[in-house]
Each structure stands twice: as structure tokens, then as C-alpha cells.
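Before any comments, here is the structure.
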Amino acid sequence: MVVATNLGFPRMGAHRELKRLVENFWAGKIDENALLSGAKKNREEHWSLQKDAGLDHIPSNDFSFYDQVVDHSYAFGVIPARYKNLKQGLETYFAMCRGLQKSGIDVAACEMKKWFDTNYHYIVPEFESDQQFTLNSTKIINEYNEAKAIGIQTRPVILGPVSYLLLGKPARGSPQDFEPIQLLNKLLPLYEELLCKLADAGAIWIQIDEPCLILDQPSTLKDKYATAYNALTKVSPKLKILIATYFERIGTNIDFIIDTPINAIHIDLVRAPGQLEPILKCLPATVSLSLGLINGRNIWTANLDAALAEAQKAVTALGSERVFIAPSCSLLHTPHSVQNEKKMDAEMLCWLSFAVEKIKELVIISKALNNGVESVQTELDVNRKSIQSRKTSTRIHNPNVQKKMKSLTPDMFKRKTPFRERQQKQKQKLGLPLFPTTTVGSFPQTKEVRSIRAKLKRGDVNVAQYDEFMNKEIEKCIRFQEGIDMDVLVHGEFERNDMVEFFGENLQGYVHSENGWVQSYGSRCTKPPIIFGDVSRPKPMTVEVIKYAQTLTKKLVKGMLTGPVTMLQWSFVRDDQPRKDTTFQLALAILEEVQDLEAGGISVIQIDEPAIREGLPLRKEDWNEYLKWAVDAFLLSSTGVDCSTQIHTHMCYSDFNDIIEAIQRLDADVITIENSRSDLKLLNAFEKHEYTNEIGPGLYDIHSPRVPSTEELKSRLQAILKYIPKNLLWVNPDCGLKTRGWPEVEAALKNLTDVAKEFRAAE
Ligand code: GLN
Ligand code: ZN
């Protein structure tokens, strides 16, 4: 029998109940008992739902109050010394996640990092070179028992020891040559103890996630994986061990584990369908294969016939006893259920599949394999209809966009004149001084600003009232910037809730869910817009506002747009055409906006691409291909302007060292970057590669309310001048100011423009 399995279920609940629960606990509105019993209810609901759907392997320990990695750290006693004086239990746990400030106590949170190439963030474990591990929590066993008590046999999920150590970092002050992976032999006995307890409790299958197996891994790690899995498979003859990989191909790293006596391996066949055949060929007869066929990273109804055909290949090669049907990765990265979308039309709804629906898809595939396709004929027919309607719908396919895509020519991907000439022309036209000052775009999103946007959505104010408010806000913003002698002004982005959502709402080809929330970190969720069809721009999106802002002042006002790669990266993306094509469509829409802004008299236009680096593939050998089309998309959106029009871009959260050539190829006239938290190391890259265009390295960190003094800004600018020649240098904060309050923004920017003026005067 083929079994239907799941690797993890989204935690938040149909209506983000877990978010409310945890936030109410933090706010002191509910006590620990209420928190724990609410969480239990959440888990039980998710287990029952999966069981009722007919799933054979249901995950447990996929629940977390914050993050599965920090759960692990807490469970193994990997608790940094600064938390040692806190109360054991939730106080310590949440302090690691989000810091703790109360009478006499002030500890910062642990570092947070992106989980592979997802938008989920995990808490980075900190290991001492003499780290002691202790089994500090019985969460894993408790949750297993809890499910068992309601009659559900679960498959506990544990992060594997090798990936756990690799995802961590040495604690501050560790010896230079210490690497956490050296702790493996010390850590393994705790995993053994844990597995032993799970076996005693009655567990049969254990899912051990080793996502690092899909990364470029040095061959020296082979030993580590072998040690780990030779040990863990010996713990109990009752236990069966599944190693889960996801987000990419395992490639030759399969050699690291294939010789150990594991019982099954999970592979991601959505991201890397090509790996099925080679793995079928090399799999030992004792190992089962879990097929990641249903996309855990996207929201489209699966093509069940296609998935079934893949699964059939595995069944033919291995026999049905050795095949598991699974999502590509944990469903943590998909929203809860389509059933909560009340405003979407029936056609759109049938194209979508969130976690609950994906579970059903898994079960249909396994039933078809076990009982014949006739047994699920109705379900398959419904599925075929949905796939067919998406293939042919006129809402998706826009002949106009297709025509434009076919008529792209090479000259649409480059500026007509080289940078040096453009720089001259722009100097003449824009008349900017040395050390020109600007900001990255957004100004404080006050309560009033957010509330009026919400009121407009609800219909509590009309468009005229809204516009009046916004215009006043913009005027205030412009007057302030004029008052401090800022050189290139912005309108403040008050009309934007989010830099991607705003444009998504104004473009065709996008749809917005009501409840499509996905966990980003802790209780924080995002609701990515969905690109379902060909993207086009029905009408100008920002031209009116920017032109209005420009009427208020003689100074230059900068147009503000979000770039094509960031639009793609922060949305759910259609899967029926290459990502590159979707990005080019976005680029064409943005290009139209750029040209309209230019025609409207705007000579400085910024196209933000903060997400260009996070789009990098997990395997280095795939980087060039991605960077080629990502940069091309930016060029397509930004080069169709006169040489005297100045194109800016902005990037953040990046270590640019390894993509500096791509940044150069963007050929933006000015790039502003976040660098104030990285000790100027970043600028090294620009200097080393003799980056030729203008550049504004963030002069201060906007992520904290601190106001930098002029002294501080001066010495920083001085330091920057060691890397960047003064004729290329801009002066600006390191990111948008939307999360800040007005008083600190006013003070900080005043200091910033003062410092620029002082440097100018000294020339
Ligand atoms: N222009 C955007 C802003 O200022 C850029 C945001 C970002 O870099 N993430 O808010
Ligand atoms: Zn930024």
C-alpha cells in the first residue's frame, strides 16, 4: 500500500487563532494555562482534520509557539548564558525569541535568519565550544502522547542533528577554529535518548529533517551524516527513520546518507522533478521513497494526473510498499484553507489549493494508486476541469501582453548612452550639488495614515476625503524636506500599505486573498498577493501623486516604484510559465509607469529591488542563470528613458559581495544600500570591483529609533569616503522610514543634511 503523508501543517489556524493566543499571552491578557490549553486545541484540530481527510502519516511536533528551531534549542538546553537567570519555561523561551524587558531585566533576542529561500525566519542557535546538552523539554514526547490520547498515531518531526548544528553559529567569544558541527558526537546521545523515549511511547515512524542536504556541502560532512544516521538508526528496532530533504535537489549529497540503514528518504519533486529517475536507480532495496509531489510553497491546485504519473513511475520501480505520497516540503509555507476565502469567485477558487486542500490532493493520489483511478474518478474529473479552465481562461491569458513579450528586442535591455555621459547630462539637467541628499522613500506611517487607508477600504471615507488627507500629508512631508534642504525629495509613500501589495492591487493579473496568511516569524504572518495571470497595467499607478508632490516644490521629487524581481519574490507566483516570463511581464508594466512619470516631468525615478539577493538559488551553480534574467528584468523596467533621467535603485538586507557584478550590470545611475549595520565591510565589495556608478551607502540605521548625532554621521561619512570617490557619493539613511516616528526622523534627517552641507562647504 502506498501511504499518504504530510511533513508539517501550518500552525496559525484557520483564522490565525495561534497568533491571537500568543499575542494575548504576551500582553498579559491571558495566563499560561489559557495559552497551553488553546495551543492543545489548535494541535488537536489540525491532527483530526488530517486524519479525517484520510492521511496515513500525520506529523506531530510541527507545532510551535514561535519557531521549530528555537524549540529545538530549548529542548536540548542550548540556551545562551544571558537567559540563564530568567524563569525556566515560557519566560526563557520567549525571551530567546523576542527579548525581555521588565523590572531589572533587559535581554535582547537571539538572531533571526531566513529559513533557506523561504520567507519564514528561524531563531539561530548559539553554541559554546564546550556546549553542554541536556534534555530540557519533553515537548516532542508530550505532543506525540497528546495525539495518541485522541486516537491518532503521529509521525514526530525532528530537525536532524547535522542540519541543526549547521544552521547555528558559534557563541560570541568562541575560539576562532570552533565550528558547531564539532559538537555532533556530544549532541547525538540526546537524540538517541529522545528517539528511545518516542519508541517507548509507541512511535513507529520518525521524520528527521535534514534540509542542509540540498545545499552545496563539503565532502567532509559525509562523515558527520554517516555517524549521525548509523547511530540514530540503532536506537530501537521498533523505530523507522525517514530523512526529509526539501527546497532543492539532493544531488550527489545522497551519498552522505545512502549507506546508512535509514528506512526512507523524502525528496522535493516540485522544485527538482529531475531527481526522481536517478534516485530510483540508486535507492537500496531497504529504503522507501517519499515523493514530494504537491507544492508546499505555492497555492495552486495540483495537476493530479501529472502527479499520479510521476508516482506511478516510483511504484513501478519500487513497489507500492516503498512509496509515500507527500507535499514537497512542510505545508508551513502555505495558508490554511481556501474555505476561508469568501470574496473570491468560484473560478478563481477552483484554481487555488491551500494546506487543507493539499492534504486532500495527497489522499486522492494515494487512493488512485491503491484502489485504481476509478475509485477517485469524480475527484479527478473535478481536478481536470480546474486545470483545464486555468489553461484556457481569458482572465489569465492576455493577448496584448503576449504580443509585447514577443516583441522584446535587445535594445530594450540597455540604456542608450554609457553611464559617464549620462552622468554629465544629468548634472546639467538636475543641478545637484556634491554629496546630494535624499531618502529611500517612505516616511512615518502614523496611526492616522494607516487608519485612513483602512477607512477607505471599508468605505468609511470617500475618495475625496481620502485624497484630501493624503495631499495634506504629502505637503507636510515636502515642506519638511524643503525646510532641511534635502536635495531630492520624496512624497512619503503614505498611500502604500506595503510596497508589493500596493502595486499588486493596481496591476491586472494579481488577486488578493482575504485569509491567505503565511507565518513569517513568531506570531507575524504575511499575506502575499497572488500573481495568477499575465500582468499588465490598466492605468498609471503613481503618476498623479508624484506629479502632485512635484507641484508643491521647485526641488526635484523622486518617483517611487517597486522593481519586478521584488514584486515576484514577495508574491505567490503562477506556476504555468517560467518565473522569468512573469518577471518580464512585471518589468513591462513598471516600464510603462516609468515612461509616464518621465513624460509627466519627473526626472528622478527610483525602482526598489530589496529582494534581488534573496531570490538567489540555493545551489551556486544555478546563480548565473537567475542573475541573468533578474538583472535583465530590472534593465527592461528601467532603461527606456532619456539619458538625462536619473534612475535610482535601492537594496537592503544584503551581503553584496557575491553579486556585485550583477549590481553593476543593473546600471542604475544611483544605488542606495543598507550598510549601516555591517561595519562598512560591504563597501569593500564596491571598491574592490571598481563599481562605476553613483552610490548612497546608508549613513545610519533606521531600524532603531536612535537619533544619530552630527558627529557620528560625520565620522561615518569620512569613513565611507575611503571607499567611494566623492563625485559618486550620495548621503541618505539606509532604508525607508515608515516604521519610525516623526520626531526622530526630523532630528535624524536634519543632522544628515547638515553634515552633507558641511562636507560640501569644505570642498
Ligand atoms: N521605498 C521603500 C520604502 O522606503 C523601500 C523599502 C525597502 O527597502 N524594503 O519603504
Ligand atoms: Zn531597504
Side-chain angles (χ1 to χ4, degrees), residues 114 119 121 437-446 449-450 453 473-474 477-478 480-481 486 488-504 506 520-521 524 526 528-529 541-542 545-546 549 557-571 590 593-594 597 602 604-615 634 637-638 646-656 659 663 666 668 670-678 682 695-704 730-742 744-745 748-749 752:
K114 259 177 184 294
N119 193 29
H121 300 73
T437 50
T438 191
T439 59
V440 171
S442 58
F443 267 71
Q445 294 250 330
T446 56
V449 168
R450 274 179 279 137
R453 269 199 323 257
E473 209 63 24
I474 292 170
C477 187
I478 294 283
F480 163 69
Q481 295 171 82
M486 189 68 84
V488 175
L489 315 195
V490 296
H491 76 297
E493 301 183 20
F494 304 112
E495 76 284 15
R496 303 179 193 177
N497 171 30
D498 171 277
M499 65 189 288
V500 168
E501 191 177 56
F502 171 80
F503 289 99
N506 284 285
S520 172
Y521 63 91
R524 271 284 262 272
T526 59
M541 306 180 280
T542 63
V545 209
I546 304 291
V557 173
K558 178 158 71 165
M560 277 294 157
L561 303 169
T562 301
V565 182
T566 301
M567 289 296 295
L568 180 93
Q569 207 53 41
W570 293 350
S571 306
I590 297 161
E593 188 73 10
V594 168
L597 282 167
I602 304 300
V604 183
I605 301 167
Q606 177 169 315
I607 307 172
D608 290 328
E609 280 292 22
I612 218 164
R613 192 184 188 286
E614 75 179 47
F634 181 85
S637 72
S638 64
Q646 189 171 63
I647 297 291
H648 289 217
T649 189
H650 167 72
M651 286 184 195
C652 40
Y653 337 107
S654 300
D655 170 3
F656 299 109
I659 58 160
I663 295 179
L666 293 175
V670 181
I671 180 173
T672 56
I673 52 168
E674 175 188 310
N675 84 314
S676 56
R677 282 187 294 183
S678 53
L682 223 152
I695 170 167
L699 209 59
Y700 75 92
D701 178 12
I702 61 89
H703 300 89
S704 122
W730 282 67
V731 176
N732 48 264
D734 74 346
C735 196
L737 303 164
K738 68 190 248 185
T739 55
R740 297 273 61 89
W742 269 105
E744 73 237 28
V745 162
L749 291 183
L752 180 130

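Numbers here simply count residues along the sequence, with the first being 1. Just so you know, ligand 1 is whichever comes first in the structure, and atom 1 is the first atom listed for that ligand.
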Where ligand 1 meets Met499 - atom numbers and elements under 4.0 angstrom, heavy-atom basis
6 (C), 7 (C), 9 (N)
Atom indices of ligand 1 within 4.0 angstrom of Gly441 heavy atoms, with elements:
4 (O)
Metal site angle (apex the Zn ion (ligand 2)), SG from Cys652 and NE2 from His650, 10 degrees:
110°
For Arg740, enumerate each residue passing the salt bridge (Lys or Arg N to Asp or Glu O under 4.0 Å) test, keeping only those at least two apart in sequence or located in another chain.
Glu744
Under 4.0 Å from one or more heavy atoms of Cys735, ligand 1 contributes atoms 7 (C), 8 (O)
Going by distance only, is there an N or O of Cys652 that falls short of 3.5 Å from an N or O of ligand 1?
no
May I ask you to check if ligand 1 and His650 share an N or O to N or O distance below 3.5 Å?
yes
Side-chain donor/acceptor of Lys558 to backbone N/O of Thr439, under 3.5 Å:
yes
Tell me whether Glu593 contacts the main-chain N or O of Thr542 through its side chain, where contact means a donor paired with an acceptor under 3.5 Å.
yes
Any N or O of Asp608 closer than 3.5 Å to N or O of ligand 1:
yes
Tightest non-hydrogen contact, residues Glu501 and Asp498, listed as N-OD1, 2.9 Å
Among Val440, Val488, Ile647, Thr649, which residue meets the side-chain contact (heavy atoms from CB on, under 4.5 Å) test with Gln606?
Val440
State whether the side chain of Asn497 and the backbone N or O of Phe502 hold a donor-acceptor pair below 3.5 Å, judged by distance alone.
no
Per-atom filter on ligand 1: closer than 4.0 angstrom to a heavy atom of Gly736 are 3 (C), 4 (O), 10 (O)
Got a donor-acceptor contact below 3.5 angstrom from the Asp701 side chain to the His703 backbone?
yes
Run the numbers for me: atoms of ligand 1, each under 4.0 Å from some heavy atom of Glu493, listed by number.
1 (N), 2 (C), 3 (C), 4 (O), 10 (O)
